[in-house]
There are 2 protein chains.
Amino acid sequence: MRTVDPAKHKARRQHIVRVAAELFATKGFERTTTAEICRAAGMSSGNLFHYFANKRAVFLAVFEDEDSDKTERLAAAEAAEDPWAALLEVVDLLAAPALEPLAPHLVMEAMVQAYRDPEVEEALSRDNAAEQRTVAVLLRRAAAAGRIDPDLDPDATASWVTTLIASLYTGAATDPAFKAAEQLPTLRLILTRYLRAEPR
Amino acid sequence: MRTVDPAKHKARRQHIVRVAAELFATKGFERTTTAEICRAAGMSSGNLFHYFANKRAVFLAVFEDEDSDKTERLAAAEAAEDPWAALLEVVDLLAAPALEPLAPHLVMEAMVQAYRDPEVEEALSRDNAAEQRTVAVLLRRAAAAGRIDPDLDPDATASWVTTLIASLYTGAATDPAFKAAEQLPTLRLILTRYLRAEPR
DNA sequence: GTCTATAATAAGATAGAC
DNA sequence: GTCTATCTTATTATAGAC
């Protein structure tokens, strides 16, 4: 049957991506050898390169194959009735992966690869731009509704909001004592005080 | 003379460290080859390894040889009369290198190397612990003086303060549109609103 | 699709002359 | 202290059989 092959192919690819993600997270892109990926995936070198053109393609697949429902949830948040509540939901949505064990290191690895590899750069910045657009929309709506400080520039502030969320990833990646799950409430507190303060 | 040799040696070492820092910042540690460092420093491979035992030693020297007056200035801030003013000065002190062109990328590189290389880890965490200690001292003093929210836990908050300062580095490193110098006032605003808010 | 074997090259580091 | 020459090893990727 023809219908079985593509499914099997996809599953095998995903398996490679999954084991590679763990290696990339712990050792970084450059220090992870294709031989290690092969060993972890239980296959030969010849076979790995049957699935991916090169090592970079495996790395890119780690970030591109994560087809979650994030896009839809961001769109839903933009249209939600209460912009402030929606903003807090977006924060939780974007912060959620930081609670997983591999994500912080993977995100950091992606960040450093981004300014060295245009393809990684493009993948990341597309993602980031979408997030910032949503946050900016909600900031504008919240400001119009008198729920946040109207003196804040929506675009610059949206950039800071995503940067502050990124702190959860960098904190988790760099400080072993930093538990993202425990620190999420503090992040919410910081954002709330920053955004809702009275203008001065 | 014996006194000339060590000085020359030190200057030559520093020269290597300086050109290597630029390479490490733009290409990262692994993608920077010792051959490139040699070329940039204008010397042969044999000579480079006369100054440094290996490539890692060059990388470590980038961070260890920056003998600035930071330690003294931190100590002075701890003892300053006005703890809130001193805290803001510490923020400026720790944020200052982010305005330089190479530092953000170098810091990011150091952060990712830290959780892969115990020696880098140690160098960084020693630095970080000293900063956090100073910030915690000032937070306690400011709280006692009624200048900040007394409900904030000093140690956990000190960790967040340094993490937020680090955002200036990650922002500058990952977003070409992010100008650290322009964003420093916003960082101060975020910290002020976070720390000085009335307890609720 | 999967393997074995290996090509091609690059990189870190050293030896030893000057 | 500095160089040239080179050793050794690791690594990505390919060729070609099954």
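Lettering of chains follows the sequences in order, A, B, ..., and the numbering in each one begins at 1. This structure is a prediction, so every number in the text was calculated from the model and none was measured.
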With a 6.0 Å cut-off (strictly less than), is the heavy-atom count around CZ of B/Arg147, excluding the residue itself, greater than 12? yes
Is the number of heavy atoms from other residues, nucleotides or ligands under 6.0 Å of A/Arg140 CZ greater than 12? yes
Can you name the residues that form a side chain to side chain contact (heavy atoms under 4.5 Å, CB included) with [X], not counting sequence neighbours?
{"X": "A/Ala57", "value": "A/Phe52, A/Asn54"}
{"X": "A/Asp153", "value": "A/Asp155, A/Ala156"}
{"X": "A/Arg18", "value": "A/Gln14"}
{"X": "A/Thr33", "value": "A/Ala35, A/Glu36"}

Report the nucleotide, chosen from C/dT2, D/dG1, D/dT12, that has the shortest atom-to-atom distance to any side-chain atom of A/Thr33. D/dT12
Using OP1 and OP2 only, check whether a side-chain N or O of B/Asn47 sits under 4.0 Å from D/dC3. yes
Within less than 4.0 Å of OP1 or OP2 of C/dG1, is there a side-chain N or O belonging to A/His50? yes
Measure from [atom1] on [X] to [atom2] on [N] and round the result to the nearest Å.
{"X": "B/Arg39", "N": "C/dG12", "atom1": "CZ", "atom2": "P", "value": "12 Å"}
{"X": "A/Lys8", "N": "C/dG1", "atom1": "NZ", "atom2": "P", "value": "9 Å"}
{"X": "B/Ile37", "N": "C/dA13", "atom1": "CD1", "atom2": "C1'", "value": "13 Å"}
{"X": "A/Arg13", "N": "C/dT2", "atom1": "CZ", "atom2": "C1'", "value": "17 Å"}
{"X": "B/Glu36", "N": "C/dG12", "atom1": "CD", "atom2": "C1'", "value": "13 Å"}

Sequence neighbours left out, cut at 3.5 Å: what donor-acceptor pairs do the side chains of residues 83-95 of chain B make with other protein atoms?
{"unit_1": "B/Asp92", "atom_1": "OD1", "unit_2": "B/Arg188", "atom_2": "NE", "d": "3.0"}
{"unit_1": "B/Asp92", "atom_1": "OD1", "unit_2": "B/Arg188", "atom_2": "NH2", "d": "3.2"}
{"unit_1": "B/Asp92", "atom_1": "OD2", "unit_2": "B/Arg188", "atom_2": "NH2", "d": "3.3"}

Expected list for residues 175-187 of chain A: side-chain donor-acceptor pairs under 3.5 angstrom, two or more places apart:
{"unit_1": "A/Asp175", "atom_1": "OD1", "unit_2": "A/Ala177", "atom_2": "N", "d": "2.9"}
{"unit_1": "A/Lys179", "atom_1": "NZ", "unit_2": "A/Pro176", "atom_2": "O", "d": "2.9"}
{"unit_1": "A/Gln183", "atom_1": "OE1", "unit_2": "B/Trp160", "atom_2": "NE1", "d": "2.7"}

Listed partners of A/Glu100 passing salt bridge (charged side-chain N to carboxylate O under 4.0 Å, His left out), at least two apart: none
Could you check which residues of residues 24-32 of chain A get a heavy atom under 4.0 Å from DNA chain D? Sort them by number, please. A/Thr32
Listed pairs, N/O of protein and of nucleotides 13-18 of chain D, under 3.5 Å:
{"unit_1": "D/dA13", "atom_1": "OP2", "unit_2": "A/Lys55", "atom_2": "N", "d": "3.0"}
{"unit_1": "D/dA13", "atom_1": "N7", "unit_2": "A/Ser45", "atom_2": "OG", "d": "3.4"}

